[in-house]
Amino acid sequence: MFRYIVRRLVTMIPMMIVISILCFTVIKLQPGDFTTQFLTDPRITPEQVAQIRERLGLDQSPVVQYLTWMKGILTRGDFGYSFAYKRPVQELIWERMGWTVAVAGATIVFSWVVAIPIGIYSATHKYSFFDYLLTFIGFIGVSIPSFFLALILMYLSLSLGGTAVGGLFSQQYIGAPWSWAKVVDLVRHLWIPVIAIGLSGTAGLIRLMRGSLLDVLGTQYITTAKGKGLSQRVVIYKHAVRNAINPLISVFGMQLPELISGTIIASIVLNLPTMGPFFYDALINSDQYLVMTFLMLSALLMLIGNLLADILLALTDPRIRYE
Amino acid sequence: MKRLVLAVLLVFVIAFSAVAQQAVVSPALFEEIGKPGGELVLGLATAPRSFNFYGIIDNAAYTILYNIIEPLVEENPATGEIIPGLAKSWEVDESGTEVTFHLRDVKWSDGTPFTADDVVFTMEHVVMNPNAEGNSVDRFTLGGKPVLWEKIDEKTVKAILPSPYGAFTRVLTHALMVPKHKYEPFIAALNDGVEPGTINQAWTTDTPLSDIVGTGPFVLSEYVVDQKVTLQRNPNYWKVDPEGNQLPYLDKLVYLVVQDEQVMLAQFRSGEIHRVTITGQNYPGLKREELDGANYRVLAGSPVSPVPSPPHLAFNWDVEDEELRAIFRNDKFRQAMEHTIDRHRIIEDVYNTLAIIPGVPVLPANAAFYNPAIEDIMREYDLEKAKQLLDEVGIKDRGDGVRVLPSGRPFELTLTTAVNVQPHNDIAVILESEWQELGITTHLQLVSSTLVGQRRTAGEYQAIIEAFGNQPDPQLRKAIWQPGRSLYYWHRSTMDENQEPVLANMEDWELRVFDLFELGEVEMDPVQRKAYYDEWQAIYAERVPVIFIAKGMELQAVSNDIGNIFLRPNGQIVGTNYTAFVK
């Protein structure tokens, strides 16, 4: 197992390099660069734009730009400099990491805590009224885009006299020291993003859990277990669910990058101080090293998430062994 | 006796200097005298990317910094006149090339006195520093020579101009003074081992806020990344209201970062934000709520500021197709197209009636430069006239309602505009139907505004709807309106690859416009300057190099808890952060 993990970690290195080359190529395929926006500004002459390009190194060939950036990472741990913010990109990303992980984490926890019990209930009460109802709600969750759901929830909240529209706090609590009132205020705001963003994931998980559990419930060993006279509880939770959970663990690994990338449009609509809108702005502005670092981080989390999922699978399912 | 005289004199001197430090704000900014205290909460569409006014191009940063740092001379926010700022007075010598500024006795918010050194430093090493991304080198360079700055004594500075410069005080209103003692370490010319680009890294968003000092009404007190910027009143601010009360009234000024326009509006409605700029689409709904007793007022002000930029229609004079090129360059063709624009319908349908007929492009409210004569030259909507003019140009109906070019090819136009700018989009659709009426097939090319900018710069379009703002002084926008400049995009061949004007490629009237801008630049007499720019506007109205369509009004909604944000009798919205107060 240990050797397996080490091998997986080592293969991540060439993988990350290939991903970085791909990302950089795609960024460079975009027409224009960071300085393009200056061309329409009457205060800035074209010569000045040329000077800025030269200073930012944008006049060099893409290959040189890429290698310079890579060299910075490998030799100094320097992921480059944001053209828009005039600051090192890792600082900027770090500043926004806290809320991003907190909101995404809350959303993911919400979707799992809601989805697993409902999925189990639906599967064990197949074709009952509540199965149909919950499945129906699940389909709605899959089909409504989260930003739209966010708008509806905000509208409902506002028209019912609520004042918590967008953001994570009321104005006076932003930046204030933590207090009980601040926590209450956070909860009053947080439910909208958690439901809006979480519901689409929830619905998918319900479907997955239900389907997977139904498959397992139809197998012969479950019939055997029931035939032995085991109680319904033991049959379902000890035998069926443990086996049905495997596909969900793989999904869990895929969710790790969502911790930072999440849903961009929903975050803009909900006015969340997370990485999504920040990344979106960087993309629009062609702030290339910021975009690159962000994409690399997202890719790394994806790889780590997959590895974690595989390890978890090995832990939960004794039939899976990596040698 | 002698002692007594001395003492009296001393008292006088002290009293006088105390008065001299303060300045009474123009009564035009007040609806009523305010009371101190409270906070004003405003929205900001993006978080500031830096607090360095000269290091970036970022409207959020500008919005915040205008509360913190100040220019030598200011523009009266109500009347647009040039008034004293950090310079309490100035005089121009007879040649018109030496301007002496007498500085006000004020301190930076950290207690350091503001002196001539700060002014010379700011102008030489920051404003006119070509390595600063938000520099204004161009505005302080005349005929290739820079304006020179000289310290006379601690409180006196002299600017030496290469030639007389009519817009000099106007451009100075945009040159905000930064403290030498905080900015000096970032300047390559004054420090060994500092790179030229380091100037852009001054006052970034991670700078300790106590280092960001200014002379303005507010100082920064807190920045929560991507969420909120809080400013506190500067207790030693030098402005007082007409009754002598210290300004600003507010204790705190808060900017909330709200990216989405609809969310911003929702927060305004819920009372979280006190003042927002709104669009024509939101106006009727909010106005109805106001009449139904909501705790806010909706103001529709006559346009005075450069934004929202008025859209115009332009044709590419350098388009590849030679036949089209000749037609686009023909005055009669463009005049015919002006007849196809129903400005009144556009104002009604696109802007919900909240727009005016624009100038060309000086705003009618701009008394210093507007030429009313253009109103008689601008062409009314008249499709018959348009048809007649098109016939004269040789674009004739071939009998089945389709207009053909002299070569016999059907006349088809591609109209490019930004899909994400609603008014431009709507105007394009209206024009398409008008042109259909004339027998011209239009292909709408609706793309993102970034792409429109790129197409424009590259000359890859036939007809385009674009918008540029109207600055109060035409001189500040010569890059757009003077032939041969970088943004005179509809006729790019007036500029060569070295960005120099090519007089040989200009039409006669373009040469005249070129000369008028050159003359206006070096003229100090306001009357003569107006005469030059009047002539420019008349030429533009007659020859229609671009066709101006409409100018949106300034629409705002303000909480009734906030005072001194109001419509002046002349229909213009007034309200500054240092005169606003909580009722």
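Lettering of chains follows the sequences in order, A, B, ..., and the numbering in each one begins at 1. Nothing here was measured: the structure is a model prediction, and the numbers come from that model.
- Within the 4.5 Å cutoff, the side chain of A/Phe169 has no heavy atoms near those of the B/Lys228 side chain.
- Heavy-atom neighbours of A/Glu54 CD from other residues, nucleotides or ligands within 6.0 Å: at or below the threshold of 12.
- A donor-acceptor pair shorter than 3.5 Å can be found between the side chains of A/Gln171 and B/Glu39.
- Here the CG-OG distance, from B/Leu256 to A/Ser170, works out to 10.0 Å after rounding to the nearest 0.5 Å.
- The choice from B/Thr230, B/Val225, B/Thr46 that makes the most heavy-atom pairs within less than 4.5 Å of chain A is B/Val225.
- Among all heavy-atom pairs drawn from B/Ile56 and A/Ala84, the shortest one is CG2-O, 3.4 Å.
- With a threshold of 4.5 angstrom between heavy atoms, B/Gln454 approaches chain A through side-chain atoms but not through N, CA, C or O.
- Counting heavy atoms from C-beta on, the side chains of B/Glu133 and A/Arg55 come closer than 4.5 Å.
- Residue A/Ile52 touches chain B through its side chain alone, counting heavy-atom pairs closer than 4.5 Å.
- Counting heavy-atom pairs closer than 4.5 Å to chain B, the top residue among A/Arg96, A/Glu95, A/Gln172 is A/Arg96.
- Using a distance-only test at 3.5 Å, with no hydrogens or angles considered, a donor-acceptor pair links the side chain of A/Asn271 to the main chain of B/Val257.
- The residue among B/Asp206, B/Val254, B/Val258, B/Thr205 with the most heavy atom pairs within less than 4.5 Å of chain A is B/Asp206.
- Around atom CH2 of A/Trp94, no more than 12 heavy atoms belonging to other residues, nucleotides or ligands sit under 6.0 Å away.
- The most heavy-atom pairs under 4.5 Å with chain A, out of B/Ala266, B/Ser448, B/Ser50, B/Pro196, come from B/Ala266.
- Counting heavy-atom neighbours within 6.0 Å of B/Glu460 CD, excluding the residue itself, gives a total above 12.
- Side chain of A/Arg87 to backbone of B/Thr204: no donor-acceptor contact under 3.5 angstrom is found.
- Remark: A/Tyr85 OH to B/Asn200 CG distance equals 15.5 Å, nearest 0.5 Å.
- Across every non-hydrogen atom of B/Val263 and A/Val269, the tightest pair is CG2-O, 2.8 Å.
- Shown here is B/Glu195, whose CD atom has no more than 12 heavy atoms of other residues, nucleotides or ligands within 6.0 Å.
- Interatomic distance, B/Ile199 CD1 to A/Lys86 NZ, rounded to the nearest 0.5 Å: 11.5 Å.
- In this structure the side chain of A/Leu158 reaches within 4.5 angstrom of the side chain of B/Ser270, judged on heavy atoms.
- Heavy-atom distances place the side chain of A/Tyr81, and not its backbone, under 4.5 Å from chain B.
- The contact between B/Asn131 and chain A is made by backbone and side chain atoms together, counting heavy-atom distances below 4.5 Å.
- Interface residue A/Asn285: only side-chain heavy atoms are found under 4.5 Å from chain B.
- Ranked by heavy-atom pairs under 4.5 Å with chain A, the list B/Arg269, B/Glu222, B/Gln227 is led by B/Gln227.
- Neither the backbone nor the side chain of B/Arg485 has a heavy atom closer than 4.5 Å to any heavy atom of chain A.
- Counted within 6.0 Å of CD1 on A/Ile265, heavy atoms from surrounding residues, nucleotides or ligands total 12 or fewer; the atom is thus considered open.
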